[in-house]
Number of protein chains: 2
Amino acid sequence: MPLSRAKIAATAIRLADDHGLDGLSVRKIAKALGVGPMRLYDYVANKSELLDLMVDAVYAEIAEADQPAEWRATVLAIVHRTRAAALDHEWFADLLGARPRLGPHALAVGEATAAALSQAPGVRGIDDLQRALSVLSAFLTGALRAEVTERRTARSTGTDVTAWQTSLGPYLTRMLDTGRYPTVARLVVEGAHLDAEETFHHNLTTVLDGITRDPRR
Amino acid sequence: MPLSRAKIAATAIRLADDHGLDGLSVRKIAKALGVGPMRLYDYVANKSELLDLMVDAVYAEIAEADQPAEWRATVLAIVHRTRAAALDHEWFADLLGARPRLGPHALAVGEATAAALSQAPGVRGIDDLQRALSVLSAFLTGALRAEVTERRTARSTGTDVTAWQTSLGPYLTRMLDTGRYPTVARLVVEGAHLDAEETFHHNLTTVLDGITRDPRR
DNA sequence: GTGCGCTACCGTACGCCGTATCCATGAGAT
DNA sequence: ATCTCATGGATACGGCGTACGGTAGCGCAC
């Protein structure tokens with residue numbers, strides 16, 4: 001079976017899913033494919049192009065068309081598929097926003113999002129649309145990055161509260177006991193029980209409400 | 001003059017400003033300080049702790065206290081200082097959201113932001129506060145990442161429109177000419193003249209308006 | 001049939017990285 | 001004068017991305 005860009009990307013994605021972006025190297029991908037490292041460069045100019053390939057492959061998962069619906073439902077669907085993809089492929093969140101999204105599938109997702117947003121009330125012209133798109137994708141990028149980061153630290157310190165406290169506790173409680181961070185302290189002590197998905201959805205609603213508010217009061 | 005964590009961080013920051021995170025290595029920092037590479041490990045456990053040091057040093061710039069003011073003015077000031085820092089230190093945007101923000105100065109910024117947000121109308125309890133903080137910082141993270149990425153590609157392809165068109169044009173216009181991305185095409189052709197800072201401010205306003213809207217209609 | 005150029009593949013090698021480990025030096029204590 | 005011990009340096013290891021030279025196979029001109 002001959003090599004191909006798609007096969008390379010698929011293998012790279014599997015490795016990145018298992019070992020993270022830091023654990024991903026051209027040599028390991030090649031070994032997993034049973035070829036010499038330099039073979040990959042027959043299909044790809046350099047490693048960053050390979051990352052672009054991986055990213056666009058994930059956008060392909062996100063792009064699956066759903067039947068046309070009201071703008072808000074469409075946006076919600078796309079955004080939630082993106083979140084699902086980022087949780088499946090945590091490295092995807094690391095790359096989000098770090099490179100121009102120009103692959104064909106990324107463009108398809110952008111097109112669907114833009115088309116839906118252009119139907120939203122409060123989005124009146126091309127400038128409004130451009131801005132709406134950029135707030136939404138900024139929020140999405142940041143929220144997914146944060147969620148993935150939190151997940152990773154939870155995994156590395158242990159999920160339960162006691163493990164977390166013993167690992168970060170000494171430093172953090174010392175910090176908070178200085179009394180210089182009262183509000184943060186309150187958040188740590190009294191907060192922290194919110195469900196991640198529900199928070200994401202709530203915040204997304206906040207952003208969409210901001211977009212659709214009437215800008216002239 | 002002996003080494004110190006602060007001196008190391010300052011040198012690392014200068015190098016990262018000049019050559020980016022990819023161009024930053026322990027060996028180069030050591031050389032710039034006129035010592036052997038391994039000396040740095042007397043002050044730092046590993047490279048990622050060094051990055052944490054750098055990040056918190058930037059948060060120190062952001063944390064400079066301003067006189068107490070109305071909540072929105074305070075938030076605007078902090079956010080705009082963060083943006084300024086990210087434009088001064090583009091690598092900072094790469095790291096934003098990628099690691100837990102727990103340094104003393106990062107905590108100080110978090111504290112000031114949380115304290116201000118807790119005064120905002122529509123933020124009614126600790127859960128509201130937690131959510132408001134997370135939308136805001138998700139937006140901030142994503143927006144800065146996007147702005148820095150755009151800036152970098154602009155710099156690498158050349159600033160003016162013609163250079164951009166000749167570098168990405170062939171691929172992009174071919175893509176857009178397929179007719180599969182009409183809305184994106186409109187955005188590319190008719191948009192693109194918006195000022196970055198003004199867009200940022202507008203989008204920030206959108207998010208803050210979303211936060212302060214009355215959630216019970 | 002024979003020689004030739006071209007393409008497609010491959011292994012080796014270079015210069016870098018983070019960092020573990022061992023060694024030299026020399027100051028201060030006894 | 002000798003011992004102790006902190007300080008800084010050199011070396012080395014395993015891994016990285018990728019440049020490059022070689023070679024094996026094949027279509028084709030004569």
Side-chain angles (χ1 to χ4, degrees), chain A residues 1-57 90-92 94-95 98-100 103 152-153 156, chain B residues 1-57 89-92 94-95 98-100 103 149 152-153 156:
Chain A
M1 183 158 38
L3 238 42
S4 72
R5 284 164 71 92
K7 272 199 55 128
I8 293 174
T11 307
I13 286 175
R14 192 164 36 77
L15 288 181
D17 286 348
D18 290 350
H19 304 100
L21 268 195
D22 288 350
L24 184 73
S25 74
V26 172
R27 299 166 116 100
K28 287 178 190 164
I29 301 169
K31 178 168 290 183
L33 288 164
V35 302
M38 291 312 287
R39 287 317 89 236
L40 304 194
Y41 288 92
D42 295 335
Y43 300 84
V44 139
N46 48 42
K47 188 178 180 180
S48 101
E49 188 177 314
L50 199 153
L51 294 180
D52 288 340
L53 238 50
M54 295 168 63
V55 168
D56 210 57
E90 299 191 342
W91 53 269
F92 182 69
D94 298 326
L95 260 24
R99 50 192 67 237
R152 281 202 264 245
T153 68
S156 81
Chain B
M1 183 157 41
L3 238 44
S4 72
R5 285 164 72 91
K7 272 199 58 131
I8 293 174
T11 307
I13 287 175
R14 193 163 36 77
L15 288 181
D17 287 347
D18 291 349
H19 305 99
L21 267 195
D22 287 349
L24 184 71
S25 74
V26 172
R27 298 164 118 101
K28 286 178 191 165
I29 300 169
K31 179 169 289 184
L33 287 164
V35 302
M38 291 312 287
R39 287 315 90 232
L40 303 195
Y41 288 92
D42 294 337
Y43 299 84
V44 139
N46 48 42
K47 188 180 182 178
S48 102
E49 188 177 315
L50 201 153
L51 294 180
D52 288 339
L53 238 49
M54 294 168 62
V55 168
D56 210 57
H89 311 289
E90 298 191 345
W91 53 269
F92 182 69
D94 297 326
L95 260 24
R99 52 192 65 238
T149 299
R152 281 202 264 246
T153 68
S156 83

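Just the heavy atoms: all of them, side chains too, but no hydrogens, waters or symmetry mates, feed the values below. Per chain, numbering begins at 1; letters A, B, ... match sequence-line order. The structure displayed is predicted, hence computed values, not measured ones.
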Chi angles and distances behind the salt bridge (charged side-chain N to carboxylate O under 4.0 Å, His left out) call for D18(B), K28(B) | CA-CA 12 Å; D18(B) 291 349; K28(B) 286 178 191 165; over 6 Å; no
Is any side-chain N or O of K28(B) closer than 4.0 Å to OP1 or OP2 of dC16(C)?
->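 No, K28(B) has no side-chain N/O under 4.0 Å of OP1/OP2 on dC16(C).
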Under 4.0 angstrom between R27(A) side-chain N/O and dG17(D) OP1 or OP2 =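 It does not, given that no N or O in the side chain of R27(A) lies less than 4.0 Å from OP1 or OP2 of dG17(D).
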Salt-bridge criterion met for D42(A) and R39(A) (N-O under 4.0 Å) =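 Salt bridge: yes.
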With the threshold set at 4.0 Å, does a side-chain nitrogen-carboxylate oxygen contact exist between D94(B) and R152(B)?
->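 Counted as a salt bridge, because a side-chain N and a carboxylate O are separated by less than 4.0 Å.
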Grab the [atom1]-[atom2] distance between [X] and [N] for me, whole Å please.
X      : N       : atom1 : atom2 : value
D22(A) : dG15(D) : CG    : P     : 16 Å
L21(A) : dG17(D) : CG    : C1'   : 15 Å
H19(B) : dC17(C) : NE2   : P     : 12 Å
M38(B) : dC17(C) : CE    : P     : 14 Å
Y41(A) : dG21(D) : OH    : C1'   : 18 Å
L3(B)  : dA6(D)  : CG    : P     : 19 Å
K31(B) : dG9(D)  : NZ    : P     : 14 Å
K47(B) : dC16(D) : NZ    : P     : 16 Å

Residue R39(A), side-chain heavy atoms: nucleotide from dC9(C), dC16(D), dT18(D) that is nearest =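 Side chain of R39(A) sits closest to dC9(C).
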Of D42(A) and G23(B), whose closest DNA chain C nucleotide lies nearer the 5' terminus?
->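 Final value for this comparison: D42(A).
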Sugar-phosphate only, base, or nothing, as touched by N46(A) at under 4.0 Å among non-hydrogen atoms =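 It contacts sugar-phosphate atoms only.
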CA sep, side-chain torsions, deciding dist, call: L51(A), W91(A), side chain to side chain contact (heavy atoms under 4.5 Å, CB included) | CA-CA 10 Å; L51(A) 294 180; W91(A) 53 269; over 6 Å; no
